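One structure below.
Just so you know, these numbers come straight off a predicted model, no measurement behind them.
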Amino acid sequence: RAIWLAPFNMRKGDAKWLAPIGLSTISLIATDRKTAGELIEHGENQNRVRISKKISQLGSYYVTGTAAAALYLAGRAANNARAKETGELAGEALINSILVVGVLKAAAQRQRPSSDESSGEFFDRGTSFPSGHSASAWSLATVIAYEYGKRKPLVPVIAYGAASAVSLSRFTGRKHFLSDVLVGSALGFAIGRYVYRQRHDSSLDSPRDHSTSSERIL
């Protein structure tokens, strides 16, 4: 409920990142047909499509869901409160992402790039907008980055880098337009950040180490 009402409860500071994303989305929608067509003009590179498909699977719900579950179970087994919370919050962010993306897909009904000469028409019984894989990957990456970023600066680089690779692969694999990818990524990041900020246990940020000495997760 809070996520759906978020647009009506925006703060002045939110405009700093919402305005650029909104303008970028409008610009990309206007040029989506051209950018998608350029991939075809350069030839249907089967290697590119094959590699893109493999990379994009990292953002599938069963992979990201498995990763969240693994973090939670490993955290419980090792008595690592941070890993356990990371799994919980990542799972919650993923569920929220699935719901939000599902509703938006049903409302937009945009055709995918592989249909109708990459016309990208909305309200035409499609499922392209926004990218679910991008939202899923960024939801998971954002929770992990927020949980571990302060102590291990390399973690956000790896997490966001992997999410970016998934998002880009959805375009290069001709599964989505660039605007689909941008909106999906932004949604995933926003949902992951919201869940973390609302549910994070601040006591985990104290100097005390909450993991066992024998087993540490991440």
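With sequence neighbours excluded, the residues that form a salt bridge (Lys or Arg N to Asp or Glu O under 4.0 Å) with Arg199 are Glu92. Remark: Glu85 engages no residue in a salt bridge (Lys or Arg N to Asp or Glu O under 4.0 Å) (not counting sequence neighbours). Partners of Asp201 under the side chain to side chain donor-acceptor pair (under 3.5 Å) rule, at least two apart in sequence or in another chain, are Ser203. Partners of Arg170 according to the salt bridge (Lys or Arg N to Asp or Glu O under 4.0 Å) rule, which considers only residues two or more places apart in sequence or in another chain, do not exist here. Legend: residues meeting ring pair (Phe, Tyr, Trp, His ring centres under 6.0 Å) with Phe122, ordered by chain and number and at least two apart, are Phe129.
Around CZ of Arg76, the count of heavy atoms belonging to other residues, nucleotides or ligands within 6.0 Å does not exceed 12. Within 6.0 Å of CD on Glu117 lie no more than 12 heavy atoms contributed by other residues, nucleotides or ligands. Dense packing is recorded around NZ of Lys105, with more than 12 heavy atoms of other residues, nucleotides or ligands lying under 6.0 Å away.
Residues Arg48 and Thr172 meet the side-chain proximity criterion, which asks for heavy atoms closer than 4.5 Å. Here the side chains of Ser119 and Arg33 are in contact, with some heavy-atom distance below 4.5 Å. You'll find the side chain of Leu71 reaches within 4.5 Å of the side chain of Ile144, heavy atoms only. Between Thr64 and His133 there is no side-chain heavy-atom pair separated by less than 4.5 Å. The shortest distance between side-chain heavy atoms of Ser56 and Lys175 does not fall below 4.5 Å. With contacts defined as side-chain heavy-atom distances shorter than 4.5 Å, the pair Lys54/Val49 does not qualify. Two residues are said to be in side-chain contact when any heavy atoms from C-beta on lie closer than 4.5 Å; Trp138 and Ser164 meet this criterion. When side chains are defined from C-beta on, Val100 counts as touching Ile191, because their heavy atoms get closer than 4.5 Å.
With values rounded to the nearest 0.5 angstrom, Phe177 atom CZ is found 11.5 Å from Leu28 atom CG. Summarising the geometry, atom OG1 belonging to Thr142 is positioned 12.0 Å from atom CG belonging to Leu89; distances are rounded to the nearest 0.5 Å. Rounded to the nearest 0.5 angstrom, Leu204 CG and Thr86 OG1 are separated by 8.5 Å. Rounding to the nearest 0.5 Å gives a distance of 8.0 Å between CG of Asp180 and CD1 of Ile29. For the atom pair CD1 (Ile51) and OG (Ser169), the distance works out to 11.0 Å, reported to the nearest 0.5 Å. Rounded to the nearest 0.5 Å, atoms CG (Asn79) and NZ (Lys84) are 8.5 Å apart.
In the hydrophobic clustering of this structure, Ile55 does not group with Leu178; members are Ile, Leu, Val, Met, Phe, Trp, Tyr whose side-chain heavy atoms approach within less than 4.5 Å, directly or through other members. No path of Ile, Leu, Val, Met, Phe, Trp and Tyr side chains, each step under 4.5 Å between heavy atoms, connects Val101 with Leu94, placing them in separate hydrophobic clusters. Grouping the Ile, Leu, Val, Met, Phe, Trp and Tyr side chains by contacts below 4.5 angstrom, directly or via other members, places Val195 apart from Ile98. In terms of hydrophobic clustering, with Ile, Leu, Val, Met, Phe, Trp and Tyr side chains grouped at heavy-atom distances under 4.5 Å, Leu58 and Leu140 are assigned to different clusters. Both Tyr194 and Val103 are members of a single hydrophobic cluster when ILVMFWY side chains are connected at heavy-atom separations under 4.5 Å.
Ala159 and Ala141 make their closest contact through O-CB, 3.4 Å (heavy atoms, listed as atom of the first residue, atom of the second, distance). The two atoms that bring Pro156 and Gly149 nearest to each other are CG-CA, 3.5 Å, heavy atoms only.
Defined by atom type and a distance below 3.5 Å, a donor-acceptor pair is missing between the side-chain atoms of Ser179 and Thr25.
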Exercise. Dump the intermediate steps for side chain to side chain donor-acceptor pair (under 3.5 Å) on Ser185 and Ser167, then the final yes or no.
Key: CA-CA 7 Å; Ser185 301; Ser167 296; 2.9 Å; yes
Quiz prompt | side chain to side chain contact (heavy atoms under 4.5 Å, CB included) evaluation trace for Asn80 with Arg82 | solution = CA-CA 6 Å; Asn80 186 312; Arg82 185 175 295 277; 3.7 Å; yes
Exercise. Give the intermediate values and the outcome of side chain to side chain contact (heavy atoms under 4.5 Å, CB included) for residues Asp124 and Gln111.
Key: CA-CA 6 Å; Asp124 194 21; Gln111 287 288 347; 3.5 Å; yes
Practice problem: Given side chain to side chain contact (heavy atoms under 4.5 Å, CB included), test Leu187 with Leu104 step by step and report yes or no. | Solution: CA-CA 11 Å; Leu187 283 172; Leu104 292 178; 3.6 Å; yes
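Judged by distance alone, the side chain of Ser136 and the main-chain N or O of Gly59 form a donor-acceptor pair under 3.5 Å. In terms of modelled atom types and a separation under 3.5 Å, the side chain of Ser118 and the main chain of Ser114 share no donor-acceptor contact. With hydrogens and angles ignored, the 3.5 Å screen pairs a side-chain donor or acceptor of Ser60 with a backbone N or O of Gln57. Checking side-chain atoms of Thr31 against main-chain N and O of Lys34 turns up no donor-acceptor pair under 3.5 Å.
Ring orientation note: the planes of Tyr196 and Tyr146 are tilted relative to one another, at an angle of 30° to 60°.
Looking at Glu121 and Arg110, no side-chain N of the basic residue comes within less than 4.0 Å of a carboxylate O on the acidic one, giving no salt bridge.
For the ring pair (Phe, Tyr, Trp, His ring centres under 6.0 Å) condition, no pair includes a residue of residues 50-79, sequence neighbours left out.
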